[in-house]
Amino acid sequence: MAGWAIAAWLLSRTHVPSLELPPVEAGSLLPPEALARIETFRDTGRWLWLASAAIELGVLALLASRARPLARLARRLGRGRIRSGALLGLGAATCVWVATLPVSGANHWWRRRYGLSDQGIGGWLRDEALSLVVLAFVVALAVAGAVWLAGRLGRRWWIAGSAAAATLGVAVALAQPVAIEPLFHRLTPLADRALAADVEELGRRLGVAVGRVEVADASRRTTAANARVIGIGPSRTVVLHDTLLDGRFQRGEVLSVVAHELAHVARAHVWKAVAWFALLAVPSLLAIAIVTERRGGLRDPALVPLALLVAFACFLATLPVQNAVSRRYEAEADWLALTATRDPEAATALARRLAATGLIDPTPPAWARVLLGTHPTVLERVGMAEAFASR
Ligand SMILES: [Zn+2]
């Protein structure tokens, strides 16, 4: 536990000077009509998220309570403990997907209504199905591994399981740019030579080898602009969504985004996210081991739905920690980006335009910030830019 705590402490350290953020009013960034529209849009979105989480918990609880007959069926189909467990994992992931599909559909309709998406129902359904395939594959692999380890190691399987989860986390992060991302986006190398040269220059200032910079055809799904760093080591890729490069954003704003992403690279945030996944897997797997041990241990594949229920409950319970860590990393990337671009006006304009085009709520309610707030608020980001400017 001491080792765990030290690792968590080391991982949560960031290098941002202690800043007195000046208060920023939402009304100074966007007109009242725009703010009201964003609030209505986000309010419903949050309720849909809560509904989806509640349905997932309910479905997993229902499956856990009907596990015996389901396990008999899986054993007939799977022939063997591990394959039966994997089948039950696949089945549970599919049941959750089907049960939450109406909520996902409502969310898609809502996003279309607000102009955030113009994707048709066919494309949306294809994306949902692809997400299910990827998730079900990972779940089946994880479940098969856990049932196998529990059979071999007994009640202490969760220790080896945590090491295996860390390996799985590294594998997924490594595979994302080559195996997962291309399922959802077509990636093409950044063609804009002038922008590519500026990206190189920002990389030099931040001391990172830029590597691959790809443009994703996100406009097929959404009008919201975004950029991400995915992959680790040899697969590391900076992905710019084409919605960022369609002319709505000024050059300085685009460079602020790029600097922010390169700052994630400079501070190894993807590696750290994988490390957090491995770290949070330890108490989660321990909880699964304790709960399933009372019913005979996870070597029995009939306990797979219960294990998935505990896993999802642990995921929800640790969301506040995951988001708090994410906000720290995002704030660090924002600060480092400011030191690289030295352009706080562009950072402020970017925060405002991202809020206006992506319908981001500058003043989310406290509970939404705890459960869903992966980034500092728009007001905090503008405040940081102003604090940088006054320095
Ligand atoms: Zn970021």
Side-chain angles (χ1 to χ4, degrees), residues 11-16 19 21 173 176-177 180-181 185 187 190 198-199 202-203 205-208 210-216 218 222 224-232 235-245 249 252-277 319 321-341 343-344 346-362 364 368-369 372-385 387-388:
L11 279 174
S12 57
R13 282 193 318 169
T14 52
H15 299 275
V16 179
L19 299 164
L21 292 190
Q176 203 191 348
I180 302 173
E181 186 66 21
H185 289 123
L187 298 177
L190 179 62
D198 287 345
V199 172
L202 282 172
R205 286 188 204 167
L206 287 164
V208 295
V210 173
R212 292 211 299 162
V213 181
E214 307 270 338
V215 178
T222 178
N226 203 0
R228 292 167 291 138
V229 188
I230 53 174
I232 45 180
S235 76
R236 193 187 73 215
T237 310
V238 176
V239 178
L240 305 176
H241 287 195
D242 59 358
T243 44
L244 182 69
L245 307 172
F249 290 80
E253 296 164 31
V254 173
L255 290 179
S256 289
V257 173
V258 170
H260 172 99
E261 298 308 321
L262 293 177
H264 280 311
V265 175
R267 292 290 151 86
H269 287 161
V270 179
W271 273 110
K272 288 179 178 174
V274 173
W276 274 107
F277 171 75
L319 255 188
V321 178
Q322 299 176 39
N323 289 334
V325 170
S326 173
R327 287 195 298 269
R328 281 181 72 81
Y329 290 170
E330 294 298 338
E332 184 176 44
D334 275 351
W335 181 258
L336 205 55
L338 282 165
T339 66
T341 61
D343 193 354
T348 301
L350 170 69
R352 183 190 294 136
R353 207 180 305 277
L354 282 174
T357 55
L359 303 183
I360 298 166
D361 188 354
R369 192 165 154 70
L372 300 165
T374 56
H375 286 64
T377 65
V378 175
L379 302 186
E380 287 166 335
R381 302 183 99 165
V382 171
M384 183 184 266
F388 179 87

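First listed ligand is number 1; within each ligand, the first listed atom is number 1.
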Side-chain contact, heavy-atom cut-off 4.5 Å: Thr14 with Arg267? no

Any N/O/S of His264 under 2.8 Å from the Zn ion (ligand 1)? yes

From the N, O or S atoms in Glu330, identify the one nearest to the Zn ion (ligand 1). OE1

Test item: side-chain donor near acceptor, His185 and Glu214, under 3.5 Å: no

With no hydrogens and no angle check, just 3.5 Å: does a side-chain donor-acceptor pair link His260 and Glu330? yes

Among the N/O/S atoms of His260, which is closest to the Zn ion (ligand 1)? Give the atom name. NE2

Taking Arg327 for its side chain and Arg369 for its backbone only, find out whether a donor-acceptor pair lies under 3.5 Å. yes

